[in-house]
Number of protein chains: 4
Amino acid sequence: MKNSSVQDSVKKAAVDLFATQGYATTSVQQIVEAAGVTKGAMYHYFRSKDDLLFAIYEQLLTLQGERLSQIVDSGLPTQETLRAVCVDVIETSIDYLPEGTVFFRSVHMLSDERQEEVKRRRRKYHDDFSSIIERGQREGVYRADVPRAVLVAHFFSDVHYLSHWYSPAGPESKGKIAAQITDLFLDSLSADAPARRR
Amino acid sequence: MKNSSVQDSVKKAAVDLFATQGYATTSVQQIVEAAGVTKGAMYHYFRSKDDLLFAIYEQLLTLQGERLSQIVDSGLPTQETLRAVCVDVIETSIDYLPEGTVFFRSVHMLSDERQEEVKRRRRKYHDDFSSIIERGQREGVYRADVPRAVLVAHFFSDVHYLSHWYSPAGPESKGKIAAQITDLFLDSLSADAPARRR
Amino acid sequence: MKNSSVQDSVKKAAVDLFATQGYATTSVQQIVEAAGVTKGAMYHYFRSKDDLLFAIYEQLLTLQGERLSQIVDSGLPTQETLRAVCVDVIETSIDYLPEGTVFFRSVHMLSDERQEEVKRRRRKYHDDFSSIIERGQREGVYRADVPRAVLVAHFFSDVHYLSHWYSPAGPESKGKIAAQITDLFLDSLSADAPARRR
Amino acid sequence: MKNSSVQDSVKKAAVDLFATQGYATTSVQQIVEAAGVTKGAMYHYFRSKDDLLFAIYEQLLTLQGERLSQIVDSGLPTQETLRAVCVDVIETSIDYLPEGTVFFRSVHMLSDERQEEVKRRRRKYHDDFSSIIERGQREGVYRADVPRAVLVAHFFSDVHYLSHWYSPAGPESKGKIAAQITDLFLDSLSADAPARRR
DNA sequence: CATGAATGAGGTTTCATTCAT
DNA sequence: TATGAATGAAACCTCATTCAT
C-alpha cells in the first residue's frame, strides 16, 4: 500500500507548516525534514517554493470548483441549490481548514502570474455563485435591494473567516456550523427579511 | 508630547508596503527609503521590524476600542447601539483599509507575546460586542437559537473580508456599504428572521 | 568500429552550448535535452562533463596535428610549406570555429591532468611549427632578430583570435581571410621586412 | 596610510582567483577569504559576483581608453602615433596580465547588458585605432590591399594572446617584447612590405 | 539624534553524478 | 543499454540588526 509519494508527503508537510508558521517563515529545510525527504528530491518535483504553494491552491480550487458544478448540474430548485452549495462550501472548507488558512493568508506571496490565475478561478467561482442568486431574484425569492456583489461577499466572508475562529476540536460539529451559517446567510438574503417588512 | 515626523513617515511607509507586498517580503531598507529616512533613524524609534508591525496594530486596536466604548457609553437603546457599532466598525475599517489588510494577513509574523497581546485585545473587543447581542437576546429582539460566538463571527467576518473586495475607488460609497452590510447582519440576527417563522 | 549516434549528437550539442553559453553555465540537463537523449545514455558514453569537454579538445587536437604532419611530410620547399601550414590552420580553425571558442575559453575548466595533456600536445604542435621557421632562418629567408617563440606566438595569436571577430556569415570568404592573415604574417617574418632595411 | 579599503582588496583577490581558477569556478567564499573581509561587507560594495567581474573590466577599459586618447591627442605624426599606441597597449596589457586573462576568458559570463557595454567600449577603442591606420593609408605609408578590420584584428590578436604565453618572470623584458611585437605588426602593415614588392 | 558600513546566520536553488530498475 | 528519480554538497545572495563615529 504505497501511498506516500514524495509529492504528497511534501505537500502535506508544507500545508501544515505554512498554516502554523506562515509561508515566508517556513524554510524549505523545515519542509523536507518534516516530510522525511531530501531537498533534492523535493526540487525534483517542485520547481520552487512558490510552486509548492501554488500546488496547494490548485488542489483546493479544483476540488471546490468541481463540487460547485456537480451541485448546480443536479437541477434542484433554486433555493435548495443555494442551500446545498452554501453547506457544501462550508463543510469542505472545514475539511481543508489548514489549506484555507494558507489560501487567504499567503496569496500575495505567489508570483504575479499565479496570483492572476488564482484570481481568475476565484472570480469564476464567485460568478457561478452569483448566478444562482440572480436566478432566485428573478423568481422573487431573494432580495434585490442590495448589490449582488455585496451579497456574494457577505457569504464568502464567512467561509474566509472560518479558519480564524472555528476549531474541529471544539464543541460544534462541522454539519451544525454549516447549517447555522447557511441559515444566517439565507435569512438575510430572503426577499422576506425583517428589514424589508418595515 | 509632539509626534516625531520620523515615526509617522516610517509607519505610513511601512503600512503601504506591508499591505502591497506583505510583511516578510518588505525589507527594512525599502521602508526607510520610502519614508525618506535612514536606517539608523528608524532603529532609533523602533526597536525592530516586529516593533513597527506591532505599532500598526496598536494604533488600530486602540482606535476601534475607544470608538466602541464611546458608542456603548452613549446609552442608546440596544438595537440602535448595535446598529451604530456595526456601521462604525465598517466605516473605520474602510478608512484604514491598508492597516486592515496588514492586520489580518500578518498577525502570525508577530512575536509570540505580541500575538497574545493582540488576541487578548481582540477578544475583549468581541466580548463587548457579544454583550450587546446578549442584552438584545434578553430583551427578546435577537434570535437565541444560534450560539452567540457564531453570531459574532458572522459579523466580524464581513469586517475582516472588506480588504479582499472593497475598493474606495469603486462605485459604492463607504456609508452605503456600511449600511448594507449592517442591514444584512441585523436581518439575520433578528428574532423575527424568516427561517424562524417557518 | 561504428560511431554511436548518441556520442555524436551529444558532442555536437555540447560544442554549441559551450560556445554560446560557456562550459560552466551549461548544465548536463541542457546538453542532453538539446541532443535528444537521456542523462543515463550520456553518462553511458561519457564518464563526466569534464570527459565531454575533453572529447572536443581531442578531436580538434588530433585533426590539426594530422594535417600539420601531412603538409610537413609532403616535402615542399620551406616557404611553400610554411605558407601551406598557415593557410591550413586558419581554414581549419574557421571550419571549427565553435570548437575553437570552447578550446581557448575553457581549458582551465579541465581537470589538471587533462590540462597537462592538452598543453603537451599544443606544445608539440608549436614546436613543429617552430622547426619550419628555424629551417627558413638557416636558409636565410626568415628574420632571426626576434626570438622564435615570439614569432610563433605572433602567428598563433591570429588563429586564437579568429573566433573573437570572424564570422562565416560575414562578407569575407574563409580562403581570402586565410590568405590575408598568412600574408601579413609572412611579410613580418621575412628577412627582407621593411624595418630590417632601415 | 590606510590603503586597503574593502573594495580594493576584494577586487584584487577576485582578479587573482578569476585569472587562475576561472570566474565560474571561483566561489564568493574564496574571494572574501582571500581578501580578508566578510561576505556581507563584500555585498555592501558589490551587488553581485557579476558586478565584481564588471568592475575589473571597467577599470581596464577606462585605463586603456584614457591612454589611447592621450597619445592620439599629443599630435605626433601618424607613424609615431601608431607605434606609441601599439607599444603602450602591449605594455599596459603586461602590467595588467591577470586582468587581461579574466577579460578575454570571462566576457561571456557577464550579464547580457554588460556584455553589450563592454562590446560597445571595445568597439570604440578599435575604431579609434582603425582611424590612425586610415590616416596612414591616406598618407600612403600603410598598405590598403587588406581590409582595415583584418589589420586591426591582426594587431589586437597579439594583445589578446599575451596572457597565453608571456610571463613577466621570463627572460624577456616588458619593453623588449612590446618593441618586437610592434615591429612585426608595423612591418606587415607597411606599404612597403615584401609581398607588396613581389 | 543620526549615520551607514559591517556582520553573520540563514535562505533558496542548482547540478553533476549515482543507482535501482 | 537505457532510464530518471534521488542525492547532497555547495553556490549565490539577503537582511535585520549593531556600533563606532
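Every chain is numbered from 1, with letters handed out A, B, ... down the list of sequences.
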Spacing of [X] atom [atom1] relative to [N] atom [atom2], expressed in whole Å:
X: A:Y45; N: F:dG4; atom1: OH; atom2: P; value: 12 Å
X: A:H44; N: F:dA5; atom1: NE2; atom2: P; value: 3 Å
X: B:L53; N: F:dA16; atom1: CG; atom2: P; value: 13 Å
X: A:F46; N: F:dA6; atom1: CZ; atom2: C1'; value: 15 Å

Pairs under 3.5 angstrom, nitrogen or oxygen only, protein versus nucleotides 18-21 of chain E, please.
none

- Item | Set of salt bridge (Lys or Arg N to Asp or Glu O under 4.0 Å) partners for D:D95, sequence neighbours left out | D:K174

- Using salt bridge (Lys or Arg N to Asp or Glu O under 4.0 Å) as the criterion, list what pairs up with B:R114, not counting sequence neighbours.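 Salt bridge (Lys or Arg N to Asp or Glu O under 4.0 Å) check on B:R114 returns B:D50, B:D51.
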
- Task: State which of F:dT17, E:dA16, E:dT12 makes the closest approach to the side chain of A:K49.
- Result: E:dT12

State, yes or no, whether a side-chain contact exists between [X] and [Y] at a heavy-atom distance under 4.5 Å.
X: C:I56; Y: C:F18; result: yes
X: D:D112; Y: D:Q115; result: yes
X: A:D8; Y: A:K12; result: no
X: C:Y45; Y: C:V10; result: no

- Atom OH of B:Y96: over 12 foreign heavy atoms under 6.0 Å: no

- Identify, with sequence neighbours excluded, every residue that meets side chain to side chain donor-acceptor pair (under 3.5 Å) alongside C:S27. none

- Message: Once side chain to side chain donor-acceptor pair (under 3.5 Å) is applied, do any residues pair with C:K119, and if so which ones, sequence neighbours excluded?
- Response: none

- Of all of residues 19-36 of chain D, which get a heavy atom below 4.0 angstrom from DNA chain E, listed by number?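 When residues 19-36 of chain D is checked for heavy atoms under 4.0 Å from DNA chain E, there are no hits whatsoever.
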
- Which residues, if any, of residues 106-114 of chain C bring a heavy atom under 4.0 Å of DNA chain E? none

- Message: By nearest heavy atom, map C:A41 and A:V37 onto DNA chain F; which one lands nearer the 5' end?
- Response: C:A41

- Assign each of C:M42 and B:D50 to its nearest nucleotide of DNA chain F by heavy atoms, then name whichever residue's nucleotide is nearer the 5' end.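 With C:M42 and B:D50 compared, the 5'-side residue is C:M42.
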
- Non-neighbouring partners of C:S163 that pass side-chain contact (heavy atoms from CB on, under 4.5 Å), sequence neighbours left out: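 Expected list: C:L97, C:T101.
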
- Message: Quick check for you: to the nearest 0.5 Å, what is the distance between C:I31 atom CD1 and C:K11 atom NZ?
- Response: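 Between C:I31 CD1 and C:K11 NZ, I get 13.0 Å after rounding to 0.5 Å.
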
- Item | Pairing residues for B:H164 by the ring-ring contact (aromatic ring centres under 6.0 Å, His included) criterion, not counting sequence neighbours | A:H160, B:Y161

- Listed partners of A:Y43 passing ring-ring contact (aromatic ring centres under 6.0 Å, His included), at least two apart: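 If we apply the ring-ring contact (aromatic ring centres under 6.0 Å, His included) test to A:Y43, skipping adjacent residues, there are no hits.
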
- Task: Using the C1' atoms only, state how far F:dT21 lies from E:dC1, rounded to an integer number of Å.
- Result: 13 Å

- Can you list the stems that include DNA chain E, where a stem is three or more consecutive Watson-Crick or G-U pairs with distances under 3.5 Å?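 For DNA chain E the paired stretches long enough to count as stems (3 pairs minimum) are E:2-21 with F:2-21.
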
- Message: Is there a side-chain contact between B:T38 and the phosphate of E:dG4, meaning an N or O under 4.0 Å from OP1 or OP2?
- Response: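 No, because none of the side-chain N or O atoms of B:T38 sits under 4.0 Å from OP1 or OP2 of E:dG4.
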
Under 3.5 Å donor-acceptor pairs involving side-chain atoms of residues 57-64 of chain A, not counting sequence neighbours:
| residue | atom | partner | partner atom | Å |
| --- | --- | --- | --- | --- |
| A:Y57 | OH | A:V102 | O | 3.1 |
| A:Y57 | OH | A:F103 | O | 2.7 |
| A:Y57 | OH | A:V107 | N | 3.0 |
| A:E58 | OE2 | A:R121 | NH1 | 2.4 |
| A:T62 | OG1 | A:E58 | O | 2.9 |
| A:T62 | OG1 | A:R121 | NH2 | 3.0 |
| A:Q64 | NE2 | A:S93 | OG | 3.4 |

